[in-house]
Colleague: 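Dropping the structure in here first, questions after.
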Amino acid sequence: MKRNNRIKEKHIMDYLSIYIDDPKLNVWHLSILTAILGLGYRQGERKRIKVSRSKIMELSHVNTLPTYHKYFKQLQDLGYIKYKPSYHPGYKSEVRLCRKGLSQNI
């Protein structure tokens, strides 16, 4: 395995450890966060991940908009993600993953 991939995988595991340890997060939160992490891994990004609602819903297996919006908003409110929407059809929105409880983002 390449060293670069090991570093990326370590960051993914760091994030997952934080998520798993929080009893406030349920299966829907974890599913959405895992989908975002997967997109970031595919893009080679760990800070600014380009996302679309449809792609997150597909990867997280969340099939209804109300469920998606409810839990995505809760993740923002809990400080796990920062969301920067794009209203331009040619540009994707951006999600920034944050380490909850720390003042610095990774």
Colleague: Please assess R96 against Y83 for the test side-chain contact (heavy atoms from CB on, under 4.5 Å), listing each intermediate value before the final yes or no.
Modeller: CA-CA 6 Å; R96 185 177 194 121; Y83 177 63; over 6 Å; no
Colleague: Using a 4.5 Å cut-off on heavy atoms from C-beta on, say whether the side chain of Y15 contacts that of I12.
Modeller: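 Answer no - side chains too far apart.
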Colleague: Under a 4.0 Å threshold between the charged nitrogen and the carboxylate oxygen, would R48 count as salt-bridged to E45?
Modeller: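 Looking at E45 and R48, the cut-off is not met.
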Colleague: Donor-acceptor pair, distance only, cut-off 3.5 Å: does the side chain of H69 make one with the backbone of P66?
Modeller: no
Colleague: Out of curiosity, Y68 OH to I56 CD1, how far, rounded to the nearest 0.5 Å?
Modeller: 4.0 Å
Colleague: Could you tell me which non-hydrogen atom of L59 sits nearest to which non-hydrogen atom of A35, and how far apart they are?
Modeller: CB-CB, 3.7 Å
Colleague: Is it true that the side chains of Y80 and Q74 contain a donor and an acceptor less than 3.5 Å apart?
Modeller: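 No pair is found: no donor N or O on one side chain lies under 3.5 Å from an acceptor on the other.
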Colleague: May I ask you to test the Q43-I49 pair for a side-chain heavy-atom distance under 4.5 Å?
Modeller: yes
Colleague: Do L25 and L75 have side-chain heavy atoms sitting under 4.5 Å apart?
Modeller: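 The answer is yes, as the side chains (C-beta and beyond) meet within the 4.5 Å cut-off.
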Colleague: Would you find a donor on one side and an acceptor on the other, under 3.5 Å apart, between the side chain of S93 and the backbone of S52?
Modeller: no
Colleague: Please check: side-chain N/O of S86 versus main-chain N/O of Y91, any donor-acceptor pairing under 3.5 Å?
Modeller: yes
Colleague: Quickly, which of L30, V27, N26, V62 forms a side-chain contact (heavy atoms from CB on, under 4.5 Å) with Y71? Name it, please.
Modeller: N26
Colleague: Determine the minimum heavy-atom distance between P23 and D21, stating which atoms define it.
Modeller: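 Result for this residue pair: CD-O, 3.2 Å.
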Colleague: Write down the atom of I36, the atom of F72, and the distance for their closest heavy-atom approach.
Modeller: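 I36 and F72 have their closest heavy atoms at CD1-CE1, 4.1 Å.
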Colleague: I need the minimum non-hydrogen distance between H61 and W28, along with the two atoms involved.
Modeller: O-CZ3, 4.1 Å
Colleague: Please determine whether side-chain contact (heavy atoms from CB on, under 4.5 Å) holds for the pair R53 and L65, giving the CA-CA distance in whole Å, both sets of side-chain angles, and the decisive distance to 0.1 Å.
Modeller: CA-CA 9 Å; R53 180 183 64 220; L65 281 175; 3.3 Å; yes
Colleague: May I ask you to test the K24-L78 pair for a side-chain heavy-atom distance under 4.5 Å?
Modeller: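 Yes; the side chains approach each other to less than 4.5 Å.
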Colleague: Do you know which two heavy atoms are closest between K55 and L39, and how far apart they sit?
Modeller: CG-CD2, 3.8 Å
Colleague: Given the rule in the side-chain contact (heavy atoms from CB on, under 4.5 Å) test, do L37 and Y19 qualify, once you have shown the distances and angles that lead to the verdict?
Modeller: CA-CA 12 Å; L37 281 171; Y19 303 155; 3.7 Å; yes
Colleague: Roughly how far, to the nearest 0.5 Å, is the NZ atom of K92 from the NZ atom of K84?
Modeller: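 K84 NZ to K92 NZ: 16.0 Å, rounded to 0.5 Å.
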Colleague: Are a donor atom and an acceptor atom from the side chains of S31 and T34 found within less than 3.5 Å of each other?
Modeller: no
Colleague: Between atom OG of S60 and atom NE2 of H29, what is the distance when rounded to the nearest 0.5 Å?
Modeller: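 Reported value, rounded in 0.5 Å steps: 12.0 Å.
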